[in-house]
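Treat the numbers as computed from the prediction; the structure is a model and nothing was measured. So that the names make sense, note that chain A is the first sequence line, chain B the second, and so on, each numbered from 1.
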2 protein chains.
Amino acid sequence: MRIGELSKATGVDIETIRYYEKAQLLSAPARSDNGYRSYNQSHLERLAFIRHCRALDIPLAAVQRLLSFIDSPQSDCGEIDHLIDAQLARVRARLASMHALERQLVALRGQCTGPHNASECGILHDLVAAAHGEACVCHQN
Amino acid sequence: MRIGELSKATGVDIETIRYYEKAQLLSAPARSDNGYRSYNQSHLERLAFIRHCRALDIPLAAVQRLLSFIDSPQSDCGEIDHLIDAQLARVRARLASMHALERQLVALRGQCTGPHNASECGILHDLVAAAHGEACVCHQN
DNA sequence: CTTGACCCTGTAGTGACTCCAGGGATTCTA
DNA sequence: TAGAATCCCTGGAGTCACTACAGGGTCAAG
């Protein structure tokens, strides 16, 4: 399988595939006579694995750890659990702050009604007020 | 005000302040005889404004547009509205995908109960299964 | 007179890609 | 069989918003 076929089969950009190889997440494939990369089924599976982890927003360094567990199934899975727990904690923290963010933006958006001069714009006024340390509609909670 | 004082007053890292200057978000301050940066009140306000926007996760390029509105209050505020709307849309899209992510991670985490070999780990099994295109507990929804 | 806190510039590193220049190989069509 | 379109290669730079560092200068206190 050439890189373009692998790309189509997995939906992963060609440049990204080469990037994974350089980053040592994907082992260097065999080369044809013309120097083209030649992938096999195991490359496809490994790439799909990486992308699934990335869809779960797991950092590449952690994906690399997981790959090493696949390669040595004898080892204890405690670190896997820990890794997923850490990822879950990261996602939840980010989720909480993004909820707050959404509330703030909605409040801010409500300050502007229809077209007028920037000097009268409630949004801009609120943002400037916040810079002055005054209570602003988006951060007064 | 020297850069250290500005940093303390705003809670913004010194390196970040210099970065904002280089990125043209903060105008270059006057210099003392020894070459130290000398900030005034307007720098402090502008920096606070930038940080407030960043707390709302507004990209620096958009912050720069907002700053230009502060500098020219005559212009129409339509773009401000649009900018906040775009930011809100980004946040909401991200929020939705992170909710899905959380569900997936929770499901995945439930696959592993207690310590055992990686080869028997439900989490790893599910991740590998997903790579094979089988339904996995975290993406079957 | 030395110590320590502060400041300067310029450069490189982060993560996870993405894009591009400048070339070679292969395949399809006229 | 010529030319065009498509594929592939390498190496390097760019993205975003910082962060860290090397290697120096400045200043006040003890």
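Remark: of the listed residues B:Arg51, B:Glu15, B:His43, B:Arg51 is the sole one forming a side chain to side chain donor-acceptor pair (under 3.5 Å) with B:Tyr20.
The side chain of A:Arg51 lies closest to C:dC17 when the candidates are D:dC18, D:dC27, C:dC17. In the set D:dT19, D:dT10, C:dA16, the nucleotide with an atom closest to the side chain of A:Arg31 is D:dT10. In the set D:dC18, C:dA16, C:dC6, D:dC18 carries the atom at the smallest distance from any side-chain atom of B:Tyr20. When the nucleotides C:dC8, D:dC9, C:dC17 are ranked by their closest atom to the side chain of A:Arg18, D:dC9 comes out on top. Checking C:dC17, C:dA25, D:dC27 against the side-chain heavy atoms of A:Asn34 singles out C:dA25 as nearest.
In this structure, the separation between CD1 on A:Ile17 and OG1 on A:Thr10 is 5.0 Å, given to the nearest 0.5 Å. One distance of note links CD of B:Glu5 with CD1 of B:Ile14; it measures 10.5 Å at 0.5 Å rounding. Atoms OG and CD1, on B:Ser68 and B:Ile80 in that order, are 8.5 Å from each other to the nearest 0.5 Å. Note: A:Leu26 CG to A:Thr16 OG1 = 11.5 Å, rounded to the nearest 0.5 Å.
Going from atom CD of A:Gln64 over to atom P of C:dA16 covers 11 Å, rounded to whole Å. The CD1 atom of A:Ile58 sits 18 Å away from the C1' atom of C:dC17 (whole-angstrom rounding). As a whole-Å value, the separation of A:Ile14 CD1 from D:dT10 P is 12 Å. In this structure, CG of B:Leu47 is placed 15 Å from P of D:dA17, rounded to the nearest angstrom. The CD1-C1' distance, from A:Ile3 to C:dT26, rounds to 16 Å in whole Å. Distance B:Glu21 CD to C:dG10 C1': 14 Å, rounded to the nearest Å. Protein atom NZ of A:Lys8 is 11 Å distant from nucleotide atom P of D:dT6, rounded to whole Å. If you measure from atom CD1 of B:Ile17 to atom P of D:dT19, you get 12 Å, rounded to the nearest angstrom.
Two residues, B:Ala61 and B:Glu15, neighbour DNA chain D, and the one matched to the more 5' nucleotide by heavy-atom proximity is B:Ala61. Comparing A:Asp13 and B:Ser38 by the nucleotide of DNA chain C that holds the closest heavy atom to each, the one mapping nearer the 5' end is B:Ser38.
One finds a side-chain N or O of A:Arg37 lying less than 4.0 angstrom from the OP1 or OP2 phosphate oxygen of D:dT10. Within the structure, every side-chain polar atom (N or O) of A:Thr16 is placed at least 4.0 Å from both OP1 and OP2 of C:dA16. A:Tyr19 has no side-chain polar atom (N or O) that falls below the 4.0 Å cut-off from OP1 or OP2 of C:dG15.
Among the atoms of the strands shown, base atoms are found under 4.0 Å from some heavy atom of B:Lys22.
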